[in-house]
Asker: 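Got a structure for you, questions after.
Residue numbers begin at 1 in each chain, while the letters A, B, ... track the order of the sequences. Both backbone and side-chain heavy atoms feed into the values below; hydrogens, waters and symmetry mates do not.
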Amino acid sequence: MTTKIKKTYYTEDERILRVWDIEDIKDLMGRRGFYVASDMRREELNDLWVNSPKYRKTASLGSNWGYYVGMDNISNYYVVKHIADRQKVLDAYCAAHPGVENRRENLGYGCMSFHPVGTPLVVLSGDGYTAKGNWYVAGQDSTWQPGGPAECRWINDRLAVDFVKENGQWKIWHLVISNDLQIVAGEDLNNKPTIPVPGTDPIENEFLAGNPTIKMQTHNPVMNWSDGYPFFLTPYFHFEDEISYGPEGHPNIDKYQEK
Amino acid sequence: MKKHLTLSQRIHNAEGAQAAEYLHSSHSFLHGATHCWEEFGPLWSHSDDVSWGHGYGRWRGYKGVTWHMVSQYNWRGMSPYHEMYEKVPEIIWLKDFRSLSEVAMHTLGTDIVEVADDGKTARASFVTPGVVYSALQPNMKYKGGALWERYGSDFIYEDGEWKYLHEQVCPDIFGSFDVINAGADLYKNLVNPPPPRPEIPPEQLDDIVRDRRLTDPGPLHNNYNPVQTIQDTCPWPEPYVTMDNNNTYTKKL
């Protein structure tokens, strides 16, 4: 068990470094929350994600509908597409409000994403080279809508993350943003279909519009957590694909590859 | 900084502080999936000193705690299975039915953790601005609510591992995402009380108390109410030397 943090084969120096590693990782994910709130996605990838060629190739960003694999693909979706989406909102906003200038600094006008992380659960590998973590987000997204106020959604996500140490610094290697719930604030839940009408989920539509590397249903929130993904953390000594939060660790990846 | 402790003791206590957070976060995720045995099997002490309490009372001893938090809670998680199977047969392909009833995700924040100078126990307070939701219910209606609670938790270092020892849950407010306004709703209930629940005959009430097998019947904490004083039923831990009746969330009888 990871609760058995004190292992006889660790020296006291190693033990306090392991304590410090876990604090560094929690700090890293706290920073990510602030980067998201500040819409600093390019900076997030540059500062918080893996940089070395070895890990850039296998880095992944997952959701309920698949994975973007490789930092270039992640960047094209997470940064380039996002900026294009923000530009469309700004174009519409400026058309409705001539006083607002249509320039880069105004991207995100009328929008807010706040995904605070809590419930930190971090497992450091026995060999100390990698770590895994779960967090829970009770957040919200607000996006300005042409002709009206912003549409505000409550967003509940479970974050499942793999970390690797690069040049002495912990970096995000695989990140799954597993959405459990997204409802428009004030929406009458009695009118919300329990099984969503295909093509009407805005988070799904946004994720798929970037053309993910792997399109597959990784988690179906209609079934609560009964589908078992993202799987729960268990202590481990050395990182292997089977326990990855990248696509290679999804229990249905073989079925996807057979297709 | 506890400079009166040796470096080795401080390292041990730093690990204990992280273990307290790890154990409570593990509880939150496993409880969210109704994976009760995965929590109470490996993460809890199995001694007679363990306790789990809620506003309505407390169970003492591993046998009583697991009766309530494993046997009863697992059944509750799976209980909608047969009714839902009639409506959504696809659920037969699910990996685990225990989460069918709902996801009660008690997110954690506002951590306060103290480890005893003797290194044998740790104590922690948390606040949860939690969420409880279920997309698939027998009535085919969506359910989503906010649940705010306070926690008081004690942990023990036992055979080289940190384990859960006591948990005191203090729920304050709960309401549906679409309409929640806890203070106003409760006030309206006071002004215009809803119809009372049918009175339970005394002999049945005795059965309920006996069936619940509570060791310490409550109330130990009351939900928020606009006409009650502020409660401090699970005060945060202060720095302490060793666990005793002044530094615990379950006093010895």
Side-chain angles (χ1 to χ4, degrees), chain A residues 1-8 10 12-16 18-20 22-23 26 116-124 133-138 154 156 158 180-181 183-196 220-234 251, chain B residues 7-8 10-12 14-19 21-26 28-30 32-35 38 42-43 88 90-91 93-103 105-109 128-131 133-137 140-146 160-163 176-179:
Chain A
M1 290 305 304
T2 305
T3 50
K4 197 171 184 174
I5 291 169
K6 180 181 174 183
K7 301 222 169 72
T8 53
Y10 294 125
E12 287 191 343
D13 277 352
E14 288 170 331
R15 284 169 58 200
I16 198 62
R18 290 175 65 81
V19 167
W20 202 255
I22 290 172
E23 293 306 312
K26 289 191 293 186
V117 292
T119 327
L121 181 59
V122 181
V123 174
L124 186 63
N134 285 175
W135 282 261
Y136 207 78
V137 171
W154 296 118
N156 285 357
R158 185 151 47 122
D180 285 329
L181 174 81
I183 56 171
V184 176
E187 178 183 10
D188 183 351
L189 294 181
N190 282 321
N191 294 331
K192 185 175 174 65
T194 54
I195 299 176
N220 182 0
V222 169
M223 304 298 175
N224 296 339
W225 287 359
S226 288
D227 60 9
Y229 193 82
F231 47 81
F232 292 108
L233 290 182
T234 51
Chain B
L7 181 60
S8 290
R10 278 186 267 171
I11 292 170
H12 170 79
E15 291 170 338
Q18 285 191 337
E21 190 175 68
Y22 173 88
L23 287 165
H24 212 302
S25 289
S26 294
S28 292
F29 284 105
L30 292 169
T34 321
H35 283 196
E38 287 84 341
L43 302 184
V88 189
E90 295 93 321
I91 66 173
W93 298 110
L94 289 175
K95 191 174 178 182
D96 193 322
F97 303 129
R98 289 176 292 175
S99 175
L100 272 181
S101 176
E102 64 183 15
V103 173
M105 181 58 203
H106 305 302
T107 60
L108 295 180
T128 173
V131 292
Y133 64 90
S134 183
L136 202 58
Q137 296 200 96
M140 298 305 280
K141 299 281 188 188
Y142 206 95
K143 177 176 85 174
E161 290 188 62
W162 285 96
K163 302 275 186 163
S176 181
F177 274 136
D178 51 356
V179 295

Asker: Would you give the length of the straight line joining atom CG of A:Asn224 to atom CD of B:Gln137, rounded to the nearest 0.5 angstrom?
Answerer: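 Result: 8.5 Å between the selected atoms.
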
Asker: Using non-hydrogen atoms only, which part of B:Phe97 is less than 4.5 Å away from chain A: side chain, backbone, both, or neither?
Answerer: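 Looking at B:Phe97, just its backbone touches chain A.
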
Asker: Quick one: sort the A:Phe232 and B:His35 rings into parallel, tilted or perpendicular, breaks at 30° and 60°.
Answerer: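 It falls in the perpendicular class, over 60°.
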
Asker: Give the member of A:Met223, A:Glu23, A:Glu187 that has the highest number of heavy-atom pairs under 4.5 Å with chain B.
Answerer: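 Heavy-atom pairs under 4.5 Å are most numerous for A:Met223.
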
Asker: Under the 3.5 angstrom rule, does the side chain of A:Thr194 hit a backbone N or O of B:Leu136 as a donor-acceptor pair?
Answerer: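 Judged by distance alone, no pair lies under 3.5 Å.
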
Asker: Heavy atoms only, distances under 4.5 angstrom: which of A:Leu121, A:Asp188, A:Asn191, A:Val137 has the most pairs with chain B? Name it, please.
Answerer: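 Most heavy-atom pairs within the cutoff with chain B belong to A:Leu121.
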
Asker: Which one wins on heavy-atom pair count under 4.5 Å against chain A: B:Ala17, B:Pro129, B:Ser134?
Answerer: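 When all of B:Ala17, B:Pro129, B:Ser134 are compared, B:Ser134 has the most.
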
Asker: Which value, rounded to the nearest 0.5 Å, describes the distance between A:Arg158 atom CZ and B:Met105 atom CE?
Answerer: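 Atom-to-atom, A:Arg158:CZ and B:Met105:CE are 8.0 Å apart.
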
Asker: At a 4.5 Å cut-off on heavy atoms, which part of A:Pro193 comes close to chain B: side chain, backbone, both, or neither?
Answerer: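 Only the backbone of A:Pro193 comes within 4.5 Å of chain B.
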
Asker: Under a 3.5 Å cutoff, is there a donor and acceptor pairing between the side chains of B:Tyr133 and A:Asn156?
Answerer: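 Not at all, the side chains of B:Tyr133 and A:Asn156 share no donor-acceptor pair under 3.5 Å.
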
Asker: Apply side-chain contact (heavy atoms from CB on, under 4.5 Å) to residues B:Phe29 and A:Leu233 and explain how you reach the verdict.
Answerer: CA-CA 10 Å; B:Phe29 284 105; A:Leu233 290 182; over 6 Å; no

Asker: Using modelled atom types only, decide if a donor and an acceptor are shared between the side chain of A:Thr119 and the backbone of B:Leu108 within a distance under 3.5 Å.
Answerer: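 Yes, because the side chain of A:Thr119 sits within donor-acceptor range (under 3.5 Å) of the backbone of B:Leu108.
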
Asker: Give the C-alpha distance, both sets of side-chain angles, the deciding distance and a yes or no for side-chain contact (heavy atoms from CB on, under 4.5 Å) between B:Ser176 and A:Leu189.
Answerer: CA-CA 8 Å; B:Ser176 181; A:Leu189 294 181; 3.7 Å; yes

Asker: Please rank B:Gly32, B:Ala14, B:Gly130 by heavy-atom pairs under 4.5 Å with chain A and give me the top one.
Answerer: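 Heavy-atom pair counts peak at B:Gly32.
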
Asker: Flag the pair B:Lys95 / A:Tyr229 as yes when at least one side-chain heavy-atom distance between them is below 4.5 Å, and no otherwise.
Answerer: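 With C-beta onward as the side chain, the pair stays apart.
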
Asker: Roughly how far, to the nearest 0.5 Å, is the CG atom of A:Leu181 from the CZ atom of B:Phe177?
Answerer: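 One gets 5.5 Å once the value is rounded to the nearest 0.5 Å.
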
Asker: Measure the CZ-CD distance between A:Arg18 and B:Glu15 for me, rounded to the nearest 0.5 Å.
Answerer: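 Reported to 0.5 Å precision, the distance equals 9.0 Å.
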
Asker: Go through B:Ser101, B:Ser99, B:Ala146 and name the one with the most non-hydrogen pairs under 4.5 angstrom from chain A.
Answerer: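 If we count pairs closer than 4.5 Å to chain A, B:Ser99 comes out on top.
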
Asker: Using heavy-atom distances under 4.5 Å, tell me whether B:Met140 contacts chain A through its side chain, its backbone, both, or neither.
Answerer: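 Both the backbone and the side chain of B:Met140 come within 4.5 Å of chain A.
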
Asker: So does A:Val19 get a backbone contact from the side chain of B:Gln18, meaning a donor-acceptor N/O pair under 3.5 Å?
Answerer: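 Yes, the answer is positive, given that a donor and an acceptor are paired below the 3.5 Å cut-off.
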
Asker: Checking heavy atoms, do the side chain of A:Pro221, its backbone, both or neither come under 4.5 Å from chain B?
Answerer: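 Contact with chain B is through the backbone of A:Pro221 alone.
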
Asker: Just verifying a value: how many Å separate B:Tyr142 OH and A:Asn190 CG, rounded to the nearest 0.5 Å?
Answerer: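 One finds 13.0 Å between OH of B:Tyr142 and CG of A:Asn190.
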
Asker: How many angstroms lie between CG in B:Asp96 and CH2 in A:Trp225, if you round to the nearest 0.5 Å?
Answerer: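 Taking CG in B:Asp96 and CH2 in A:Trp225, the distance rounds to 12.5 Å.
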
